[in-house]
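I have placed the structure first, in the form of structure tokens, so that the comments after it can refer back to it.
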Amino acid sequence: MTNNISHTIESLRQRINDHNYRYYVLDDPRISDAEYDTLFAELQSLEKQHPEFITTDSPTQRVGAVPLKEFAEVQHDIPMLSLENAFTEEDVIAFNHRVQERLDRVQDIEYNCEPKLDGLAVSLRYEHGLLVRAATRGDGATGEDITENIRTIKMVPLRLQGKEYPPILEVRGEVYMPKAGFIALNKKAEIKGEKIFANPRNAAAGSLRQLNPRITAARPLAIFCYGVGKVEGGVLPSKHSDILAVLKTWGFVVNPEIEVVTGIAGCLDFYKKIGKKRPNLPYEIDGVVYKVNNLQDQERLGFVSRAPRWALAHKFPAEQVQTVIESVEFQVGRTGALTPVARLRPVAVSGVTVSNATLHNMDEVKRKDIHIGDIVIIQRAGDVIPEVVSVVIEKRPAITEKIKLPEHCPVCHSVVEQIEDEAIARCSGGLFCPAQRKEAVKHFASRRAMDIEGLGDKLVEQLIDNDLISNPADLYKLKLDELAGLERMAEKSAQNLLEALEKSKKTTLARFLYALGIREVGEATAKNLANFFGELEPLFSATVESLQEISDVGPIVAQHIVTFFSEDHNRDVIKKLLAVGVHWETVKKSASALVLAGKTFVLTGTLVSLSRDEAKDKLEALGAKVAGSVSAKTSYVVVGADAGSKLKKAKELGVAVLEEEDFLQFLQVIAKKN
DNA sequence: TTGCCTCGAGATCA
DNA sequence: CTCGAGGCAA
């Protein structure tokens, strides 16, 4: 009897899944919405009577019961890469040239062309046909676990169709909000007097960041799948277009506009065609993507740093609008650099309101001949940073004001210095300048530096303006009663800040060096310095010559470091910081301190996700040696595709062998230790 | 650079 | 209720 019910339930689920599949993937529903709802209600009621038969992949179980506390981290087995962008036909033609050259082929290349959705990239992991995890792209290597939210999207199969899918399958796609859904959602919000979303992309992004999946479920989200990540235990077709086809049979929705074309001419035709269709498409796109269709060719082409050589995003021209430069302010950075920033009459550009745009430096201002009062064309370059493209010269008002580099710092009135042949002008006030002091403290407290939680911009401004501190070391002398009473700072917040300061005292040498804000010493260089010296003292007496032995340190960086440590003021602040208890665990000196010191690696075969050189760089950065041939002294052999004799030798000698995936994971783990 | 979400806590008003 | 900090994404 129970067996019977479990059967009925299962068959109901299968029928609902099939109808879903017909509806979303085949776009060919066989029953009305009302009939579908009836089936669904039937399943719900049966499951209610027999909760023991509820499974997580049941179509009734899309919305989880309890809100999350936070999103967990997810490591991507295969990194989620970004795409190289092209803005002109020439860029596209050049791309095709590079592809043909690298493949040593004169015939036209077959490309898979797809619209580029304006949404968020996600990765969906299926194990034995069940959705087990969904993650955001994050930085490409680590994303966030948004499984509960992704499950609420009806276009996402919780269970795959058919039987032929690999036991482990990661599918990548773009989550987006259709235009119609976005408009409807905002209309509803408006009626309720709630805040409306600025654009569909932000609405989609915001929806996925909900801790409570019930809210996500009420948002009209959709997805198009466009590729695979990790695949284990199955064989996929050898052409990208065929992979998309097989994804469809498993229940994934693939964009219907996708086409396979021959040669670059076909790509450009596709671009034009989609461009024409763009206003009528039910979702927003910002370009098209071309991918070399043959996977073997893709593998041969490989990657450049973070982007595949076999794919290109051909962007539509950025939306351009006109507005007025109302004024120009000069901002003073941490190093005293004066940056002209245009205050614009606010305008809507590609979905956001823009009111500020950096003009970078005076050379830029001169080249574009920008005056205050000018009508200018602005766009969001690379979709993010607002940019003043040009002045509409025929609209120039009778009276405009030339933009002048101030002779004196707008904050501290020290003389502004412009070094010849350099674009950047600097306030000469140094740490006498409150602006520079503020920036220095902000940098010191920032997450990647000393990570002082709760010490944000506003607070630093207040501290400096009220003369409570003048350098980072003073932070540690702050008293509760000094803090409490500042704006938005009552006793509780003040206490929290003191605790955060106390906590920050325990740090690492690399963080500390980075926090000091030495010119040209970013996170990477700081790490190199810390690894090389292992302690702080040698840096005080390091010379320009000796510093250049460190990787990535050239004469200029070396000079900056020497200058920094030769200044009394800097030495004094460092001394004070150490005196109040800033400390770190000493790490052993130089290369021998690195985790892979003394280990020898041999690389063989073709690696997919990074080049030989990149792999070598990474290993060497961790202290390993990379050798050409395998011997008994070899610690590991990393084998890519088509590995030959070296792999054989490794096996003979019993040397540890790492496949590419293992190797990537290995690197991730090791990098953390370092 | 902007917009979004979340959290904690201060400010305001009943 | 409102604001700031912090994190994330493009």
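Worth knowing before you read on, the calculation uses all heavy atoms, side chains too, and leaves out hydrogens, waters and symmetry mates. Lettering follows sequence order; numbering is per chain, from 1.
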5' priority, DNA chain B, between A:Pro386 and A:Arg209 [closest heavy atom]: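 That would be A:Pro386.
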Find which nucleotide of DNA chain B each of A:Ala205 and A:Asn356 is nearest to by heavy atoms, and output the residue with the more 5' nucleotide.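 First, find each residue's nearest nucleotide; the 5'-ward one identifies A:Asn356.
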Atom pair distance, as rounded to whole Å: [atom1] in [X] and [atom2] in [N]:
X	N	atom1	atom2	answer
A:Met80	C:dA9	CE	P	10 Å
A:Asn199	B:dT1	CG	P	18 Å
A:Leu211	C:dC8	CG	P	13 Å
A:Gln379	B:dT2	CD	C1'	16 Å
A:Asn186	B:dG3	CG	C1'	13 Å
A:Phe197	C:dA9	CZ	P	17 Å
A:Glu387	B:dT1	CD	P	13 Å
A:Glu144	B:dC4	CD	C1'	13 Å

Is it true that the side chains of [X] and [Y] contain a donor and an acceptor less than 3.5 Å apart?
X	Y	result
A:Asn496	A:Ser493	no
A:Gln298	A:Lys291	no
A:Tyr283	A:Asn255	yes

If you look at every strand shown and take non-hydrogen atoms under 4.0 Å, does [X] touch a base, only sugar-phosphate, or nothing?
X	value
A:Gly119	sugar-phosphate
A:Ala357	nothing
A:Glu70	nothing
A:Thr353	sugar-phosphate

Qualifying side-chain hydrogen bond (donor to acceptor under 3.5 Å, both in side chains) pairs, either residue in residues 449-463 of chain A, two or more places apart: A:Lys442-A:Glu461
Please list every donor-acceptor pair under 3.5 Å in which a side-chain atom of residues 477-484 of chain A meets a protein atom from a residue at least two apart or in another chain.
from     : atom 1 : to       : atom 2 : distance (Å)
A:Lys479 : NZ     : A:Lys477 : O      : 3.4
A:Glu482 : OE1    : A:Lys479 : N      : 2.7

Distance check: side-chain N/O of [X] vs OP1/OP2 of [N], anything under 4.0 Å?
X	N	answer
A:Arg201	B:dG3	no
A:Asn202	C:dA10	no
A:Ser355	B:dT1	no
A:Thr358	B:dT1	no

Sole candidate of A:Arg380, A:Arg278, A:Lys315 that passes salt bridge (Lys or Arg N to Asp or Glu O under 4.0 Å) when paired with A:Asp286: A:Lys315
Within the 4.0 Å limit for protein heavy atoms, which parts of nucleotides 8-14 of chain B are touched? Write it as a string from 5' to 3', B for base, S for sugar-phosphate only, - for none. BBS----
Ring pair (Phe, Tyr, Trp, His ring centres under 6.0 Å): which pairs involve residues 438-488 of chain A, sequence neighbours left out? A:His443-A:Tyr514
Between residues 457-477 of chain A and DNA chain C, which residues have a heavy-atom gap below 4.0 Å?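 Nucleic-acid contacts, sorted: A:Asp457, A:Lys458, A:Leu459.
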Would you please classify the geometry between the A:Trp310 ring and the A:Phe303 ring as parallel, tilted or perpendicular, with 30° and 60° separating the classes?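 Ring orientation, 0 to 90° scale: perpendicular.
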Looking at B:dC7, B:dT2, C:dG7, which one has an atom nearest to any side-chain atom of A:Arg447?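 Side chain of A:Arg447 sits closest to C:dG7.
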Between C:dA9, B:dC4, C:dG7, spot the one nearest the side chain of A:Ala198, thanks.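 The closest nucleotide is B:dC4.
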Where at least one partner belongs to residues 185-212 of chain A, residue pairs that pass salt bridge (Lys or Arg N to Asp or Glu O under 4.0 Å), sequence neighbours excluded: A:Glu144-A:Arg209
Could you walk me through whether A:Val288 and A:Lys116 satisfy the side chain to side chain contact (heavy atoms under 4.5 Å, CB included) test, starting with their C-alpha distance in whole Å, then the side-chain angles of each, then the deciding distance to 0.1 Å, before giving a yes or no? CA-CA 5 Å; A:Val288 297; A:Lys116 186 170 191 306; 5.6 Å; no
